[in-house]
Amino acid sequence: MEYGSLVRLATWNVNSLKARLPRVEEWIDDIRPDVLCLQETKSTDDAFPSQFFADRGYESVHHGQGQWNGVAIISRVGLEDPVANFADGLPPDPEARLITATCAGLRVSSAYVPNGRDLENDHYRYKLEWMARLRAHLEADTRPEAAVVVAGDFNIAPDDRDVHDPAKFVGATHVSTAERDALRSVESWGLSDLFRYLYEEDRMYSWWDYRAGAFNKGEGMRIDLILGSEAVRNRSRWVIIDRQARKGDKPSDHSPVLVDLDE
DNA sequence: ATGGTCGTTGCACGA
């Protein structure tokens, strides 16, 4: 495959696009992703900096609500048939957590799965229902035989290799059997966790708490995932979690995750 | 054992 014939797709929970814009600019100029899924823009649609991306050669679609949540897809390889929220025909999710569009023949969703907070919390039930709706969305929106990507912050560590100290997380959200089963149910529609498909390594995290020097102590979780259908998986050359982006001045608490796909 | 930091907003709360 000759140079330049790859599609570079990335996902990044930026924890406020406004606060992160200098870091996003630096990262885009360095990495030049073809498609970038953003989560936690914390922006209204009106305030979303579409011109900032247009100036750098990107089209963009945003589904935001303002103070919280907010997801976007930016692309320099086409951006067609956007769908905000779930396509399952049920009343829309009141929170802005999902947007879908077609980029370079890929049906791409940017997903921000609810945090869950704790196992007794209403938000935990909402999280499990949200994952069930994600599968229903895929069933309504596309087919597993297509080139499908669901990338984002899942707030679920798929297995114990994805948690720095599993013993500390017994009884906590992000690792519960029900959450992991909900992820497997979405995957069983026809998606694979591309990082885990390619690599067996543990201690490869994508999120580290801002507090208590968690990043420097290597105390994180791998909760930012790129799920791909078989057609995408077969084109996946490598997946990288860009830890560099978690360093330096005013980082997000999440690193970007990127995949290069053979064309 | 607890809290520890950010981002939002507005002087608390979500992650």
Side-chain angles (χ1 to χ4, degrees), chain A residues 11-28 36-49 52 62-72 93-99 110-131 134 151-158 162-176 178-180 182-183 205-225 241-257:
Chain A
T11 181
W12 195 4
N13 179 324
V14 291
N15 184 20
S16 170
L17 185 54
K18 184 180 176 188
R20 213 63 59 214
L21 210 54
R23 295 298 301 259
V24 171
E25 177 177 29
E26 171 190 45
W27 192 81
I28 286 176
L36 174 59
C37 298
L38 298 174
Q39 301 87 38
E40 279 206 89
T41 61
K42 296 185 176 177
S43 175
T44 60
D45 290 335
D46 285 345
F48 182 78
F52 167 88
H62 180 247
H63 175 44
Q65 68 184 81
Q67 182 177 5
W68 308 115
N69 311 311
V71 287
D93 182 0
E95 302 194 355
R97 297 181 173 276
L98 185 71
I99 192 164
S110 177
Y112 177 44
V113 179
N115 177 287
R117 301 186 188 176
D118 62 72
L119 271 52
E120 317 304 324
N121 202 297
D122 284 347
H123 289 79
Y124 180 76
R125 205 176 322 279
Y126 169 51
K127 180 181 196 172
L128 296 177
E129 290 166 359
W130 201 95
M131 289 295 285
L134 178 58
D153 175 3
F154 283 77
N155 274 312
I156 298 170
D162 304 313
V163 183
H164 79 272
D165 186 352
K168 281 187 181 170
F169 285 85
V170 172
T173 182
H174 294 61
V175 302
S176 72
E179 288 164 276
R180 288 173 168 171
L183 176 60
Y205 308 131
S206 66
W207 170 84
W208 300 261
D209 201 308
Y210 282 124
R211 296 170 291 187
F215 180 72
N216 291 323
K217 291 192 279 192
E219 297 181 351
M221 301 179 100
R222 191 175 71 85
I223 57 177
D224 298 272
L225 310 177
I241 305 175
D242 185 4
R243 293 179 73 259
Q244 288 301 120
R246 182 61 177 78
K247 303 177 182 176
D249 190 40
K250 291 181 77 68
S252 172
D253 47 353
H254 294 254
S255 276
V257 183

With the side chain defined as heavy atoms from C-beta on, A:Lys18 is closest, among B:dT8, B:dA15, B:dT5, to B:dT8
Against the side chain of A:Trp68, the closest entry in B:dG4, B:dA15, B:dG14 is B:dG14
Interatomic distance at P, B:dG10 relative to B:dG14, whole Å: 14 Å
Of the listed B:dT9, B:dG7, B:dA15, the closest approach to the A:Lys42 side chain comes from B:dG7
Should we count CG of A:Asp249 as having more than 12 external heavy atoms under 6.0 Å? no
Roughly how far apart, to the nearest Å, are B:dA12 and B:dA1 at atom P? 29 Å
>> When you compare the side chains of A:His62 and A:Thr41, does any donor N or O come within less than 3.5 Å of an acceptor on the partner?
In response: yes
| For atom C1', what is the distance between B:dA15 and B:dT9, given to the nearest Å? | 15 Å
Which of A:Tyr205, A:Trp207, A:Trp208 passes ring-ring contact (aromatic ring centres under 6.0 Å, His included) with A:Phe215? It is A:Trp208
Margin query: Quick check: do A:Pro166 and A:Val175 have side-chain heavy atoms less than 4.5 Å from each other?
Written below: no
When rounded to whole Å, the CZ to P distance for the pair A:Arg97 and B:dG14 reads 12 Å
Closest to the 5' end of DNA chain B, once A:Asp209 and A:Thr41 are matched to their nearest nucleotides, is A:Asp209
Separation of B:dA15 atom C1' from A:Asn13 atom CG, nearest Å, is 9 Å
A:Glu95 atom CD is separated from B:dT8 atom C1', nearest whole Å, by 15 Å
Rounded to whole Å, the NE2-P distance (A:His123 to B:dG14) equals 7 Å
Side-chain contact check for A:Arg117: nearest option of B:dG7, B:dT9, B:dA15 is B:dA15
A:Asn121 atom CG is separated from B:dG14 atom P, nearest whole Å, by 9 Å
Taken to the nearest 0.5 Å, the spacing of A:His254 NE2 from A:Met221 CE works out to 11.0 Å
Residue pair A:Asp153/A:Asn15 against DNA chain B: nearer the 5' end by closest nucleotide is A:Asn15
*N/O (side chain, A:Lys250) to phosphate O (OP1/OP2, B:dG7) under 4.0 Å*: yes
Whole-Å distance, A:Asn69 CG to B:dG14 P, equals 12 Å
Which of B:dT8, B:dA15, B:dG4 is nearest the side chain of A:Ser16? It is B:dT8
Whole-angstrom distance between B:dT2 and B:dC11, as gauged at atom P: 28 Å
From CG of A:Asp253 across to C1' of B:dT5 the rounded distance in Å is 9 Å
When rounded to whole Å, the CG to P distance for the pair A:Leu21 and B:dT8 reads 12 Å
